[in-house]
Amino acid sequence: MHTSQEHLELGQFIPFIYHHNMLADPARMSAFRYAINFAVPLGSKVLDLGGGTGVLSFFAAQRAARVWCVERNPELVQAARRLLAMNYGSEKVEVIQADAFDYLPPEPVDVVICEMLHVGMLREKQVPVLAGFKRRYLEKFGAPLPLFLPEAFIQAVQPVQQSFDFGGYYAPIPSLQDPSALHPRTMELAAPALFQLASYGESLPVDCAWQGEITLAQSGSLNALRFITKNVLTIVEKEQRSVDWFSQYLIMPLSDPLIVAAGQRISVSFAYLLGDPIATLKPVVTLIG
Ligand SMILES: C[S@@+](CC[C@H](N)C(=O)[O-])C[C@H]1O[C@@H](n2cnc3c(N)ncnc32)[C@H](O)[C@@H]1O
């Protein structure tokens with residue numbers, strides 16, 4: 001059993017070594033770079049919450065006049081200062097060691113970048129951080145709110161048959177999947193069903209509670225759900241499209257697997273607080289009829 005303080009720490013501490021994986025993820029980097037280039041107006045003011053190594057502040061500094069890069073972990077604050085100094089535009093970026101739950105910039109900003117994203121909007125504190133930020137920002141500066149990048153998130157759930165065989169060892173445990181890879185150990189039993197859509201500029205939810213029905217397209221052993229989170233980084237209105245980035249998919253094993261046939265209907269339900277640990281997601285799946 002975790003204390004609530006441990007819950008908070010777990011989601012907010014990302015060991016330095018993992019930042020290489022984030023920097024080396026081509027889908028993440030190109031989507032954020034493109035979205036920031038598009039959404040940050042020339043000469044604007046930008047706040048980057050959860051700045052990490054400073055890479056998104058660097059992208060923003062290519063267009064903005066001023067960037068505040070807020071990072072809580074002192075090791076990353078040092079790293080961001082050192083790395084930004086090696087890159088073009090760093091004189092526009094101020095790296096601040098602070099908690100994004102408290103911090104407000106010294107003046108109004110045009111764009112807020114925040115990448116504390118995790119599939120399901122679990123674990124990391126993106127939604128609670130931005131909900132609190134909006135409240136405090138409006139109190140201090142009044143409307144309008146800045147543009148948020150990402151602008152929105154869309155979540156879906158998909159019934160799957162997952163292999164949990166590891167060299168003969170059966171271990172049904174949660175796992176993450178690269179959205180751009182093939183997954184030969186996963187068989188999709190139905191199309192993903194949407195369960196949540198929220199826009200950072202609008203009122204933000206604190207939780208996710210869903211009960212829905214899905215018709216299966218494939219027969220198999222329904223032993224897991226795949227959770228899918230699409231982050232709408234920015235909307236390119238003139239091209240009528242969005243720049244999207246998918247968080248890694250989450251495969252969540254079911255405690256009671258079901259043998260199912262194509263055409264059968266299932267009921268799926270779950271409820272959790274956004275930002276809570278992955279283990280709090282306990283979906284219940286039952287056959288209808
Ligand atoms: C997923 S990483 C993204 C880092 C960087 N923005 C990037 O895109 O590479 C999230 C970052 O947010 C930081 N962070 C988490 N909670 C925070 C908080 N409450 N205040 C400030 N930074 C926080 C973490 O230390 C981590 O560096």
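For ligands, and for the atoms within them, numbers begin at 1 and follow the listed sequence.
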### Query
Would the number of heavy atoms belonging to other residues, nucleotides or ligands and lying under 6.0 Å from CD1 of I288 be above 12?
yes
### Message
Aromatic contact between Y200 and F153, with the criterion being ring centroids under 6.0 Å apart: yes or no?
### Response
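Ring centroids of Y200 and F153 are less than 6.0 Å from each other.
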### Query
How are the rings of F270 and W210 set relative to one another: parallel (under 30°), tilted (30 to 60°) or perpendicular (over 60°)?
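F270 and W210: tilted rings.
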Per-atom contacts of ligand 1 with [X], taking only distances under 4.0 Å to non-hydrogen atoms:
X    : value
A100 : 18 (C), 19 (N), 20 (N), 21 (C)
L76  : 27 (O)
H19  : 4 (C), 26 (C), 27 (O)
V55  : 7 (C), 9 (O)
D99  : 18 (C), 19 (N), 20 (N)
L56  : 6 (N), 8 (O)
G52  : 4 (C), 27 (O)
E124 : 1 (C), 10 (C)

### Query
Heavy-atom distance under 4.5 Å between the side chains of R28 and M22, does that happen here?
yes
### Query
Are S199 and E151 close enough that some pair of their side-chain heavy atoms sits under 4.5 Å apart?
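Not in contact.
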### Query
Between the side chain of N87 and the main-chain N/O of L83, is any donor-acceptor distance below 3.5 Å?
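Yes; at least one donor-acceptor contact below 3.5 Å.
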### Task
Identify, with sequence neighbours excluded, every residue that meets ring-ring contact (aromatic ring centres under 6.0 Å, His included) alongside F141.
Y137
### Task
Hydrophobic side-chain clustering at under 4.5 Å (ILVMFWY, transitive links): who's grouped with Y170? Put none if nobody.
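Taking Ile, Leu, Val, Met, Phe, Trp and Tyr as members, Y170 shares its hydrophobic cluster with V160, F164, F166, I251.
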### Query
Are K45 and D110 ion-paired here, with the side-chain N under 4.0 Å from a carboxylate O?
no
### Message
Quick test of your reading of the structure: of R28, M22, Q97, E115, whose heavy atom lies closest to atom 8 (O) of ligand 1?
### Response
R28
### Query
If you measure from atom 4 (C) of ligand 1 to every heavy atom of P15, G54, S247, G50, which option wins on shortest distance?
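Going through P15, G54, S247, G50 one by one, G50 has the nearest heavy atom to atom 4 (C) of ligand 1.
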### Query
Just heavy atoms, cut-off under 4.0 Å: does I14 contact ligand 1 by side chain, backbone, both, or neither?
side chain
### Query
Is the closest heavy-atom distance from E71 to ligand 1 below 4.0 Å?
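It does; at least one heavy atom falls under 4.0 Å.
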### Query
Do any nitrogen or oxygen atoms of D48 come within less than 3.5 Å of a nitrogen or oxygen of ligand 1?
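Checking ligand 1 against D48, no N or O pair falls under 3.5 Å apart.
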